Amino acid sequence: MDTLGTGTVPALAAASDVRRRHPWRVVSALAGALLLAGVSAVVGCRAADSDGVTPVPQALAFLPWLLVPGGAGLALAALGRWRTGMVWGVAVLAVTGWYTQPYGDDTTRPKGPILAEFTVLTSNTEFGWATDDLIATVKREKPDVVFVEECSFRCSDALAADLPRADYPYRDVVREDGSAGSAILSRFPLKPAEPLDSVMAMPGAVATIGGRDVQLQLAHPSPPLPGDDGKWRQELGRVKEFAKSAKGQPVILAGDFNATQDHALFRSVLDEGALHDSARLTGQSRTWSWPADRTTPLRTQIDHVLVNGDSFKATSARFLKLRGTDHRALLVGLSLYGG
């Protein structure tokens with residue numbers, strides 16, 4: 001008993017002395033634990049194929065950037081000489097790094113001859129403020145199909161006045177103010193299709209391209225606002241159902257999805273409709289599209305052009321700066337096959 005007692009007391013005294021002499025190590029370890037816990041919660045939802053609840057959906061949009069607090073957590077654990085924390089930090093960084101890889105196939109396998117080659121532009125004009133630059137871009141790039149989100153009254157009026165009907169004779173414009181308005185402009189004949197129910201208009205149409213009927217659907221679900229992400233889930237769910245119902249047909253689903261490849265709901269849209277992201281197909285899956293009007297390094301890709309792999313091949317993708325909006329426009333080259 002005396003030996004045990006004499007051994008224990010000095011050990012406790014030594015531990016107390018270390019804490020007294022190096023309190024910063026305890027603080028460092030605790031700070032590292034907090035950072036690693038936060039990153040682990042978000043990455044854990046990603047691993048569980050769940051978007052979680054606020055603030056997880058918002059954090060998932062910037063998942064690659066979680067490597068920064070994850071690395072800081074590991075460094076703090078090392079400074080605090082917390083071995084468990086160091087192992088935890090390495091594991092968190094490894095898992096986060098794994099999920100920064102592009103999602104989905106990097107190529108499509110369309111069948112049959114090429115029926116048409118054309119370009120598609122999608123642009124969120126932010127309440128119509130970027131309308132002038134959008135029109136200038138359309139005149140310069142001459143896309144064959146144009147999807148416009150947040151096309152306000154000013155935007156829809158300008159499209160009608162400044163883009164000749166001879167260039168875009170076929171149009172489906174939802175004339176609403178603010179962020180609610182949307183438009184599809186096309187050089188190809190359009191037939192009406194049911195829009196998706198949403199707060200901000202999501203019109204649809206059927207275009208005749210190369211002799212084939214191609215379903216066009218504009219996507220603009222509500223954003224996952226902190227504490228109010230229910231509409232986002234509901235409306236992205238409707239986009240997912242559209243993709244599912246259109247499976248096996250030529251489909252172009254384009255717009256501001258307010259979601260990235262790190263959101264389970266967006267991945268389900270791809271998987272349900274066997275769709276492919278054109279940016280991924282052209283090696284740009286992590287190229288940012290939002291926010292384009294701020295200096296923050298926290299940027300992500302929420303604007304997409306999705307196509308089904310049996311009918312389309314993406315030949316190019318460019319993100320274009322437009323003045324007046326917080327989104328970069330996306331211009332995609334597509335080849336339609338007749339399988």
Side-chain angles (χ1 to χ4, degrees), residues 102-123 138 141-149 168 170 172 184-191 193 196 202-220 239-257 259-261 266-287 289 301-320 329-339:
Y103 182 80
D105 294 337
D106 60 0
T107 186
T108 55
R109 298 168 182 82
K111 305 169 185 176
I114 295 177
L115 301 179
E117 294 180 313
F118 59 98
T119 55
V120 172
L121 178 76
T122 179
S123 174
V138 169
E141 301 292 344
K142 297 179 171 54
D144 298 284
V145 180
V146 182
F147 295 85
V148 188
E149 304 86 56
Y168 294 95
Y170 308 100
D172 184 351
I184 300 174
L185 312 181
S186 173
R187 298 185 190 275
F188 306 113
L190 294 181
K191 293 181 287 188
L196 299 184
M202 295 198 283
V206 177
T208 303
I209 305 176
R212 294 194 72 181
D213 283 348
V214 176
Q215 292 211 342
L216 307 180
Q217 179 60 55
L218 184 146
H220 193 202
V239 174
K240 171 185 171 180
E241 289 304 310
F242 163 80
K244 184 178 180 179
S245 68
K247 189 172 182 178
Q249 305 175 52
V251 175
I252 300 174
L253 176 57
D256 169 14
F257 286 72
T260 75
Q261 70 169 49
F266 180 72
R267 294 193 302 277
S268 72
V269 171
L270 296 175
D271 297 338
E272 287 288 355
L275 299 177
H276 299 258
D277 195 325
S278 296
R280 162 61 172 147
L281 296 174
T282 54
Q284 300 189 66
S285 64
R286 288 293 181 183
T287 301
S289 69
Q301 185 184 120
I302 60 175
D303 300 89
H304 310 275
V305 174
L306 310 183
V307 296
N308 67 308
D310 292 336
S311 302
F312 290 99
K313 179 179 180 181
T315 56
S316 64
R318 287 192 289 141
F319 290 88
L320 309 175
L330 174 57
L331 179 67
V332 171
L334 296 174
S335 295
L336 172 65
Y337 287 69

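For clarity, every value in this text was computed on a predicted model and none was experimentally measured.
Taking the six-membered ring wherever Trp is involved, the centroid distance between the rings of Phe188 and Phe118 falls below 6.0 Å. Proximity of the aromatic rings of Tyr337 and Phe312 is defined here by a centroid distance below 6.0 angstrom, and this criterion is not met. You'll find the ring centres of His220 and Phe257 outside the 6.0 Å limit.
Looking at heavy atoms from C-beta onward, Pro110 lies out of side-chain contact with Asp310 at the 4.5 angstrom threshold. Two residues are said to be in side-chain contact when any heavy atoms from C-beta on lie closer than 4.5 Å; Leu320 and Leu330 fail this criterion. Side-chain contact between Arg286 and Gln261 is present, with heavy atoms from C-beta onward closer than 4.5 Å. The side-chain heavy atoms of Pro203 and Phe147, taken from C-beta on, include no pair separated by under 4.5 Å. A 4.5 Å side-chain heavy-atom check between Val145 and Ile252 finds every atom pair outside the cut-off. Between His276 and Asp105, the closest side-chain pair of non-hydrogen atoms falls below 4.5 Å. Inter-residue side-chain proximity for Gln215 and Phe242 is flagged as met; some heavy-atom pair is nearer than 4.5 Å. A 4.5 Å side-chain heavy-atom check between Val269 and Leu253 finds at least one atom pair inside the cut-off.
The line from CZ of Arg318 to OG1 of Thr119 is 9.0 Å long, rounded to the nearest 0.5 Å. Separation of atoms CD (Glu117) and OG (Ser335) is listed at 4.0 Å; rounding is to 0.5 Å. Between atom CD of residue Glu272 and atom OG of residue Ser245 there is a gap of 10.5 Å, rounded to the nearest 0.5 Å. One finds the CG atom of Asp277 at 8.0 Å from the OG1 atom of Thr282 (value rounded to the nearest 0.5 Å).
When each of Phe266, Phe319, Tyr103 is tested with His304 by the rule ring-ring contact (aromatic ring centres under 6.0 Å, His included), just one qualifies, namely Phe266.
Checking side-chain atoms of Ser278 against main-chain N and O of Leu306 turns up no donor-acceptor pair under 3.5 Å. No donor-acceptor pair closer than 3.5 Å links the side chain of Ser285 to the backbone N or O of Ala279. Using modelled atom types, one side-chain atom of Ser289 and one backbone atom of Ile302 make a donor-acceptor pair closer than 3.5 Å. No side-chain donor-acceptor contact under 3.5 Å links Arg109 to the backbone of Gly309.
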Under the side chain to side chain contact (heavy atoms under 4.5 Å, CB included) criterion, do Leu334 and Val120 qualify, and how do the steps go? CA-CA 8 Å; Leu334 296 174; Val120 172; 3.9 Å; yes
Chi angles and distances behind the side chain to side chain contact (heavy atoms under 4.5 Å, CB included) call for Ile209, Leu115: CA-CA 8 Å; Ile209 305 176; Leu115 301 179; over 6 Å; no
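Side-chain contact check for Ser268 and Asp271: no donor-acceptor pair (N or O, by modelled atom type) lies under 3.5 Å. Between the side chains of Glu149 and Thr122, at least one donor-acceptor pair of N or O atoms lies under 3.5 Å.
Closest non-hydrogen pair, Leu218 versus Val148, comes out as CD1-O, 3.5 Å.
Between Asp213 and Lys191 there is a salt bridge, since a side-chain N of the basic residue sits under 4.0 Å from a carboxylate O of the acidic one.
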